[in-house]
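First up is the structure itself, then whatever we jot down about it.
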Amino acid sequence: MGINLNVDCYGSILGVEVDLPTKSYVTELIGEQESKGIGKIARPEDGGFLKPHIFTSTIPQIDGGTNISIKIRWSQMLSYKAGRFSLTVPFCFPEYVTPAIKKISKKEKIELNVNSSVANGILCKATSHPLKEIRGHEGKFSFLYEAAEIFKWSNTDFRFSYSVSSGNIFGGILLQSLYDYDQRDMFCIYLFPGSEQNRKVFKKEVFVVDISESMQGRPLESTKSAISAALSKLSPEDSFNIIAFSNEAFQFSTSMELASKDVIERATAWISMKYTVGGSTNLFIPLEKAADMLSNTRGSIPMTFLVTDGSVEDERNICHWMQKRLTNQGVLCPSIHTFGIGSFCNHYFLRMLAMIGQGEYGATFDLDSIKVQMNKLFSKGLSTVHANITIDAFDDCEEIEVYSSRIPDLSLESPLTIYGRYEGSFTMDLKIRRAKDIPLDSVLARRQIDAANNSGLVAKLSIQTCNISEYTRMTLLEKNKMLKALKHFGAWKKKGDPQKTVESEPPEMILLQRLSVGFDDLIATAENIRPGSQEPELPEVAKIFIKTTSNYFGGIRNRWCCMGCIRCCSKMNNQCATTLTQLCTALACIGCLHCCSESCCPNQDD
């Protein structure tokens with residue numbers, strides 16, 4: 001049996017549990033050093049990413065007719081735009097899922113728990129299934145959809161959106177008491193932009209684009225298309241420039257240009273004629289040129305968009321240089337938005353550069369989704385309404401630690417969240433709530449791991465919150481329930497004591513393939529290896545699975561407005577038919593989602 005999960009760069013697998021009559025399987029994260037002592041290592045085809053959006057872990061030796069219970073936990077970001085949160089979960093089942101025996105009863109059930117955390121009431125805007133509200137109190141709502149008797153599984157994805165904001169900017173503070181390694185409490189300050197669309201902010205943008213040889217083909221063509229689309233959304237009062245780079249830099253113009261119709265047409269023609277060139281990836285030169293162009297900005301919001309698929313050797317120096325330059329520049333320093341393509345570039349560096357520059361980080365490991373994901377990043381940056389935000393309560397306060405060197409800008413397409421640890425108390429002119437039912441530490445764990453630069457802290461947080469990181473490995477534990485039952489029976493038969501317990505055999509531990517992608521590959525960059533060109537040959541079963549689901553996932557990419565999704569499926573051995581089931585439950589909070597999914601074979605009554 002294989003378990004297949006669909007995730008992207010903004011989603012995170014938290015855990016998988018499989019329960020059988022005689023055995024059980026559960027995933028567990030362990031430290032890098034501890035993993036070196038494991039003798040049994042899964043083959044690439046038995047665990048890991050078949051494709052950037054398909055994660056698989058194989059559970060062997062399951063007889064036909066076996067009842068299977070699968071529980072999957074994951075975390076993903078909700079999309080946000082104009083005061084509305086949106087959630088989309090795959091809930092389409094191919095025809096071959098329906099069992100050959102048509103008389104087997106089938107059920108569908110979706111329970112959705114929403115904890116808005118920011119408002120006592122929410123306004124449901126749209127839903128794909130007829131949800132019934134079963135509970136609602138102080139910002140917490142529960143909805144239920146249940147179909148007791150159906151003839152075929154669902155062919156409609158589950159979609160739900162709700163609004164919590166008014167037309168004006170508003171915010172608040174959530175506090176959580178923790179008893180962990182840190183001993184300090186956690187805070188999260190949130191700020192919503194509201195839904196007003198008439199706030200005009202003039203902008204200055206510089207697009208810095210990697211045209212090294214590895215960008216040849218779809219990466220560069222998709223980037224050109226996304227930049228052209230972004231230019232078409234600029235107002236005549238905005239200004240922009242484009243810098244293409246490999247080992248040297250090429251500028252569309254020697255200075256910033258107003259975004260008139262004629263200039264945008266010339267820029268579109270210029271970028272469309274750019275082809276990849278050989279040489280290394282020199283990132284410092286184009287970033288310095290972009291910073292110089294935006295150094296004398298007045299009356300507008302300056303920003304840089306960086307797109308690359310490669311890595312460089314001086315990332316740390318670039319970050320230090322950028323930090324110093326932005327600090328010295330004063331109030332209107334340019335924000336930096338970064339986008340990484342493929343697994344060879346240093347995503348940790350791009351994330352840090354965006355954090356230093358108060359911008360957004362985006363990425364894709366799937367060549368087919370480059371344009372869609374890049375358009376999202378451009379749109380989020382271009383919808384910035386407030387920049388260079390400061391909080392007076394943080395000044396000279398040693399009791400407060402903020403998990404970000406700089407506060408991000410506020411965009412119409414993204415709520416602003418600032419989080420960290422504190423001791424004692426602090427005063428702010430915002431409404432404060434105790435996060436009684438909101439696990440802030442779990443909700444914000446992914447961001448904290450991504451922002452941390454201490455390997456020991458990252459590993460500790462990763463294991464504690466079940467979030468995959470560069471310093472931890474995922475294992476699969478196999479527990480033999482039948483052996484334990486036999487030992488209990490033998491002890492009872494021998495000594496006549498039914499209450500006596502017997503130590504079970506320790507679970508067998510299997511080390512899965514490395515799942516995280518964060519650090520760079522300088523050799524691949526130096527050799528200009530294109531993203532996706534060195535993917536390993538897939539086993540035949542995996543090829544069949546990908547071919548069968550390709551149209552399905554392609555449809556998701558075109559329809560989804562939020563990053564991240566999960567898919568689980570179970571596949572029997574040759575003794576029984578192939579089955580695929582899904583059931584998704586969600587808990588939403590401040591734009592973050594923690595989900596738990598269970599599925600079972602069609603012949604299981606419950």
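Reckoned from all heavy atoms, side chains included, excluding hydrogens, waters and symmetry mates. For reference, positions follow the sequence shown, starting with 1.
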Nearest heavy atoms of I341 and H347, plus distance in Å = N-CE1, 4.5 Å
Would you please say whether a donor-acceptor pair under 3.5 Å links the side chains of E399 and Y422?
-> no
With H337, the ring pair (Phe, Tyr, Trp, His ring centres under 6.0 Å) member among F207, F378, F305 | F305
E221 and K224 ion-paired at < 4.0 Å | yes
Does any donor atom in the side chain of T472 or S469 lie under 3.5 Å from an acceptor atom in the other side chain?
-> yes
Do S225 and K371 have side-chain N/O donor and acceptor atoms under 3.5 Å apart?
-> yes
Side chains of S379 and E413: is there a donor and an acceptor less than 3.5 Å apart?
-> yes
Are D262 and S260 close enough that a side-chain donor and a side-chain acceptor fall under 3.5 Å?
-> no
Salt-bridge contact R325-D292 (side-chain N to carboxylate O under 4.0 Å) = yes
Side chains of E257 and S253: do they bring a donor and an acceptor to under 3.5 Å?
-> yes
Residue pair T88 / D157, side-chain donor-acceptor N/O under 3.5 Å | no
Would you say the side-chain atoms of D185 and Q176 include a donor-acceptor pair closer than 3.5 Å?
-> no
Assess the side chains of T364 and D366: does a donor N or O sit below 3.5 Å from an acceptor N or O?
-> no
State, without any angle test, whether S411 and S383 hold a side-chain donor-acceptor pair at a distance under 3.5 Å.
-> yes
